[in-house]
Number of protein chains: 2
Amino acid sequence: MSDRSGAVAPGGRLAPRVHGTVRIVGAGLLGASIGHALSALGVDVALADTSPAQLRLAIDYGAGRAARADDRPGLVIVAVPPDVTADVIERELVAHPDAVVTDVASVKLEPLRALRERGVDLTHYIGSHPLAGRERGGAISARADIFIGRPWVVCRDEETSATDLALVEGLALDLGATPIEMSPEEHDRSVALVSHVPQLVASLLAGRFVGAPDGSLRLAGQGVRDTTRIAASAPELWVQILGANAAPVVDVLDALAADLSSVADALRAPDAPGARRAVADTIRRGNEGVELLPGKHGQNRRFENVVVMVDDTPGQLGRLFGELGELEVNVEDLRLEHSPGAQFGLAEISVVPSAVRPAVEGLEARGWKIASTTND
Amino acid sequence: MSDRSGAVAPGGRLAPRVHGTVRIVGAGLLGASIGHALSALGVDVALADTSPAQLRLAIDYGAGRAARADDRPGLVIVAVPPDVTADVIERELVAHPDAVVTDVASVKLEPLRALRERGVDLTHYIGSHPLAGRERGGAISARADIFIGRPWVVCRDEETSATDLALVEGLALDLGATPIEMSPEEHDRSVALVSHVPQLVASLLAGRFVGAPDGSLRLAGQGVRDTTRIAASAPELWVQILGANAAPVVDVLDALAADLSSVADALRAPDAPGARRAVADTIRRGNEGVELLPGKHGQNRRFENVVVMVDDTPGQLGRLFGELGELEVNVEDLRLEHSPGAQFGLAEISVVPSAVRPAVEGLEARGWKIASTTND
């Protein structure tokens, strides 16, 4: 097993913003990953988990030490499944009245509602949500670097003191994440739109392939593969997330169902007046929406694509990227497309517009075949 | 402008299967691309287009010569927009009674229905559809290699002679494509499922981002970016395609709407008996469906992923792939993820399972940070 703490946040070179003992309850993927990152910064991390095996694994891999009854944490991080988050937050607030308690659950309103209903004093509770994760869960998949460059939502309210807020935002910064303040309602509506509903849509679309005639799926190309990629996600966690954020998810689903029904109606009478217009508007609105998603480096920078033919043999991509390096062309993004049945592929390279000409001319001079560029 | 005929089909080394004069009507992306590929094989290509400018461009770039009144083509390829495909097929069948006429429209039943309605003799007509394309259209974007390794659907019927069929399938093979025989109905249902509905779903989902609070979209990650990537497609052609394949598209949309409504109902009462089960079944069915899509090389081969941290500077990917080449690790697929705000990225490399250990050990020995592997 490699050293998981090797890649620390950019802030890792400085003294950490969090200090004293940090208690982490739940040593799964997120809890153990936070533990690795904080331990690498020299913070005293006290870990607790209802599963002794999971706790042992996290400690063995360097996420921290076992929590003790006499720990006096200044910060408690609750990193347990959504359905027990409220219970654990309540218990930790009572057990550590001087500590700030935060959680990292991917739904923010439901635990807060449960805590308010029980009359829990929430003065020192600040909900948060790092938009980070991996396809596999558990302490064994934990990595210190999964937060770097990702948004970390922090839900302050009127009761939140500036000192408490600084501690939770400091945690995000220590781990290389970007703190974003939002209300729990805003957070839950946002993740419904950009995470929970896209997951359901991908799952529903891919679900339609089950039982399709074999031949149909042979016609699938890169477009549908991208559209359904996240349909491969594991069901267990998603059932909890979707259940805990049901109302905002249903709102987006209902709006989407209405849009879907409009375009289906237009296609039921494709020659009726307005039908073509309705279909065109659907595609155009999609054009507009996809442009609104943040690109890399958090900006809406636009890149041009250069598509290069690459033999499907070891070393070819190395030669390609080596030569792009010599040409001082920085590759902003890359996608490989393999031709089914053919022993070569197409490497679609995204570069800043000014790099298209040097890339194409330089690569062609070195014998590469350029399949296309977006600014031919 | 580079030589577009450089990359010929694997069959290009042998004598082409098509012979004599091939007439191509419509010198847009597909028509001109076929012209480039056939011209590179030494076939006499006669081009026609209602736009003199488009025709001139295609000829200047080497897609063929201008058609003449005394041409005696053995094969006519109709490559015009869907809404005029039937008209042009009819005219060509009449003008060239000894030729086999095919078309490359992305919908197969609608033109056939129109032709039958008019009582056209369809003995020598064989509809076909190469599943190839590019994001940009027109003769200026044409490339000889866009068909290589792609499926090319050929719609024979009872009237089709073996000789005629061999000619159209020979065309597909000459261009490096894989001919797949299907009925027009099967074809249209298949593309509705794996192309037309995924396009609409991506557009509808991305359309929901329009007017969303700014902050919401800051939480977007790679999942939703993949799910909505094809929402960037141009509206003009899609309006025609969806209109011409309306009935099969509506069938899939209706089924999808029913699935969507079931899961929305389950989430409306997330604590009701069976609700969690219904949500879990949706995600599980999606797992199953996405597994059915063909992978690279037309197979369902499974790869393992190795995620490597890469500085966002020229030459880093080159060094990485160069070293993977030295390690004799063949990269099957690759995805780059950039951390918004951070000047480095993660390169997710897919390799055959037996290559994971040599890749990880070899890269770590050379100083690379492995962020994760799928078989930790």
Side-chain angles (χ1 to χ4, degrees), chain A residues 7 149 190 194 198 201-204 206-207 209-210 216 219-220 223-224 226-232 235 238-239 242-243 246 250 253 259 264 267 270 276 279-280 282-286 288-290 292-293 296 298 314-315 317-318 321-322 325 328 330 333-334 336 338-342 369, chain B residues 7 149 190 194 198 202-207 209-210 216 219-220 223-224 226-232 235 238-239 242-243 246 250 253 259 264 267 270 276 279-280 282-286 288-290 292-293 296 298 314-315 317-318 321-322 325 328 330 333-334 336 338-342 369:
Chain A
S190 299
V194 301
V201 161
S203 296
L204 289 166
F209 304 153
V210 178
S216 302
L219 306 190
V224 66
D226 283 349
T227 311
T228 57
R229 185 181 63 84
I230 54 171
W238 276 105
V239 171
L242 292 165
V250 167
L253 285 181
D259 295 346
L267 288 170
R276 293 175 73 91
V279 175
T282 299
I283 308 283
R284 262 190 225 106
R285 200 175 156 85
E288 202 182 325
V290 80
L292 296 173
L293 290 183
K296 68 170 285 203
L317 279 173
F321 284 96
E328 300 193 345
N330 194 12
D333 204 351
L334 182 139
L336 283 185
H338 295 275
S339 306
K369 299 268 181 219
Chain B
S190 298
V194 301
S203 297
L204 289 166
L205 183 60
F209 304 153
V210 178
S216 301
L219 305 191
V224 67
D226 283 349
T227 311
T228 57
R229 185 181 62 84
I230 55 173
W238 275 104
V239 171
L242 293 165
V250 166
L253 286 181
D259 295 346
L267 288 170
R276 291 174 76 90
V279 176
T282 299
I283 307 284
R284 262 191 223 105
R285 200 174 156 87
E288 203 182 326
V290 80
L292 295 172
L293 290 183
K296 67 171 285 204
L317 279 173
F321 284 96
E328 299 192 345
N330 194 13
D333 204 351
L334 183 139
L336 283 184
H338 295 275
S339 304
K369 298 268 182 221

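Protein chains get the first letters and strands the later ones, always in sequence-line order, with residue 1 at the start of each. Reckoned from all heavy atoms, side chains included, excluding hydrogens, waters and symmetry mates.
Interface remark: of the candidates B:G286, B:G322, B:A280, B:G286 forms the most heavy-atom pairs closer than 4.5 Å to chain A. Between chain A and the options B:A202, B:P270, B:S216, the largest number of non-hydrogen pairs under 4.5 Å is found for B:S216.
In this structure the side chain of A:L242 reaches within 4.5 angstrom of the side chain of B:I283, judged on heavy atoms. Residues A:T282 and B:L204 have side chains in contact (heavy-atom distance under 4.5 Å, counting atoms from C-beta outward).
When all heavy atoms of A:E288 and B:V210 are compared, the closest pair comes out as OE2-CG1, 3.5 Å. Listed here is the closest heavy atom pair of B:T227 and B:G223: OG1-O, 2.7 Å. Across every non-hydrogen atom of B:T228 and B:F209, the tightest pair is CG2-CE1, 4.0 Å.
Only the side chain of A:V250 has a heavy atom closer than 4.5 Å to any heavy atom of chain B. Contact annotation for B:I230: only side-chain heavy atoms (C-beta onward) come within less than 4.5 Å of a heavy atom of chain A. Of the atoms belonging to A:L267, heavy atoms from both backbone and side chain fall under 4.5 Å from chain B. Contacts of B:P198 with chain A are made by both backbone and side-chain atoms, with heavy-atom separations under 4.5 Å.
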